[in-house]
Amino acid sequence: MDPASLAWRIAQLAEKYVVEQTGSANPPVAADDVALERPKKAEFGDWATSIALKLAGPLGASPRDIATALQPRLEAIDDIARVDIAGPGFLNITLDTSRLGQTAAQILQAGETYGHSDGLAGTTVNLEFVSANPTGPLHIGHTRWAALGDSLARVLRAAGADVAAEFYINDQGSQMDLFGESVLAAALGQDPPEDAYQGAYIAELGKAVAEEFPTLAEMSHDEALVCVRESAYHRQLGAIRTSLEEFNVHFDVWFSERQLHVMSTPEGLSLVDRSVERLREQGHVFDEDGAVWVRTTDFGDDKDRVIRRANGAYTYFAADAAYYLSKKDRGFDLTIYLLGADHHGYVHRLKAIAGAAGDDPAVDIEVLIGQLVSVNGAKLSKRAGNIIELDDLREWLGTDALRYSLGRSPADSPLTLEPDVLLSKTNDNPVFYVQYAHARTHQVARNAEAAGVTGEPFDPATLSHATEAELLTALADFPRVVAHAAELREPHRVARYLEDLSGSYHRWYDACRVTPKGDDPIGPEHHARVVLNNATGQVLRNGLGLLGVSAPERM
RNA sequence: GCCCUCGUAGCUCAGCGGAUAGAGCAGAAGACUUCUAAUCUUUUGGUCGCAGGUUCGAUUCCUGCCGAGGGCGCCA
């Protein structure tokens, strides 16, 4: 029995007990209240629930008494072999191994879809991340969000959500002009403008556009600037796309900020024009000192924001508002932004836009803030001039090691990359630990096939070793881990799970042979074990896939 | 000054209000004529930054303080 069903069954029994005691199902008992968890110690059984502790308050009874009353009722469930009461009132559940083994066959049947659930089915999600200016290469500051955002998109999809991963291209404004001027100067061999973009990539872009436009020197400055800026923009955006693809990061929508500024209505208005009107219709806009303001303080912002300056020009905030309205108009149920800690000042503003647009800032929009990454303890910043580019980082450490190490910590946890560790092929490098476990499942499968261990007939009752119960319980937990990761927007939970699962697998491998030794005969346990082995490989593969990490068959 | 995030073993980090706070590495001791030893087994190591509060129960929730990082524009 899978943990979700088990939790539901326990909740049913507990609620029945509450009704008997109090005459009503108040409070009702939900599966979440069961708090089914895998105990930290093997002697505590396969699953533990603190339901008796949780009911103690409402029922006014001691947790131990409630646990004593529930114990025989839980033991009556077919898949449960034994229930022990421990500590202050925990119910420690040991499953019937002969039934537990069925999990392995079920996993092979589900294949790539094992781990999928329907908790978010019917929910459409817009997930925006990276969203770098197309004026330079992606650097380490974008790398964590790229890894995290892509994994989150995969996890949300596994939970049934319909996700659009979106990259917002800031291709409008003075930074683009400065970028164009910088490349133009490089192309013509002139002195760079003040505060120019610098670096080898500017020189390369300059060379490329000089070849593309041989008559550049004869054009007027304005004409040349437009040619160079647009060409360099598309070249740079292409480079960003390539970097992300090689990092296994996929975007469904590349949204150009320019779409917001062009006239797109019959009245000759842009989406930005319309956004001001729409917010005004909702009653959150006012005029003061010649400027147009949004009363964002209505929604928790620390000050109101100007959306249109006294000189008639829109602020960047106007584009943000128009962009949010675009997402709203495209019909998403939930809009998620992934921002670095250096942008956390925008959180209130973004939420205020949602509120001003008539949405619920607490429900319809989520802003995830992530801490920055350091390498070997050195803080990286543009000011310090020690920025590392994504491409260099990837070539140095490899996509797998980089994706995995960035994906195994929660976003709000400060993270230090240690290149020495990531390049090592030992146990202290978790990605190798997990990938090695997967490769081992394939080696074992190859050996089993060669020896005639086919997996048929499959008798789950022979999977009776302690390490087999541990492994099977871990495998059964995978769908719940993925669903939980999606619900909390924390894909790192999948990585941590895979490390635990790999440990369980290695311990099992150490204790139980799949292919008989020497000339020993093939028994029913060997057939069952190859099924368990292959099921483990499937789950490791599915989990690594959610993290955008490859699952090699040989290492 | 105000706001946000973080503070857990020597190091890198987990920990949905529950049991004696965990993992890997590092340190110590073991296991390869046997399916991949990139593995496994045993072991050393903690005032969960500090102080209060809520709770039957707090590393977890709330408040204050200390420390680290980041942010505060009619810039983009």
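Proteins come first, then strands; the chains are lettered A, B, ... in the order of their sequence lines, and each starts at number 1. Computed over heavy atoms, backbone and side chain alike; hydrogens, waters and symmetry mates excluded.
Using a 4.0 Å heavy-atom distance criterion, A:Q435 is classed as making no nucleic acid contact. At a threshold of 4.0 angstrom between heavy atoms, the contacts of A:H344 include nucleobase atoms, whether or not backbone atoms are also involved. If you check every strand for non-hydrogen atoms under 4.0 Å, A:Q443 touches a base. A:R513 comes within 4.0 angstrom of a nucleotide base, judged by non-hydrogen atoms across all strands.
The stretch residues 521-531 of chain A has no heavy atom under 4.0 angstrom from RNA chain B at all.
Among the nucleotides B:G71, B:C13, B:C40, the one closest to the side chain of A:S409 is B:C13.
A:R541 and A:H438 form a side-chain donor-acceptor contact under 3.5 Å, judged by distance and modelled atom types alone.
Nucleotide B:C40 is shown with an anti base, its glycosidic torsion being more than 90° from 0.
Nucleotide B:G7 has B:C66 as its partner under the Watson-Crick or G-U criteria, with both atom distances under 3.5 Å. Using the Watson-Crick or G-U wobble rule with both distances under 3.5 Å, B:C75 pairs with nothing in any strand shown.
The base of B:U36 is paired with the side chain of A:Y436 by a donor and an acceptor separated by under 3.5 Å.
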Dump every N/O contact between nucleotides 55-64 of chain B and the protein below 3.5 Å, one line per pair.
none

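Using a 30° and 60° split on the angle between ring planes, A:F179 and A:Y197 fall in the perpendicular class, above 60°.
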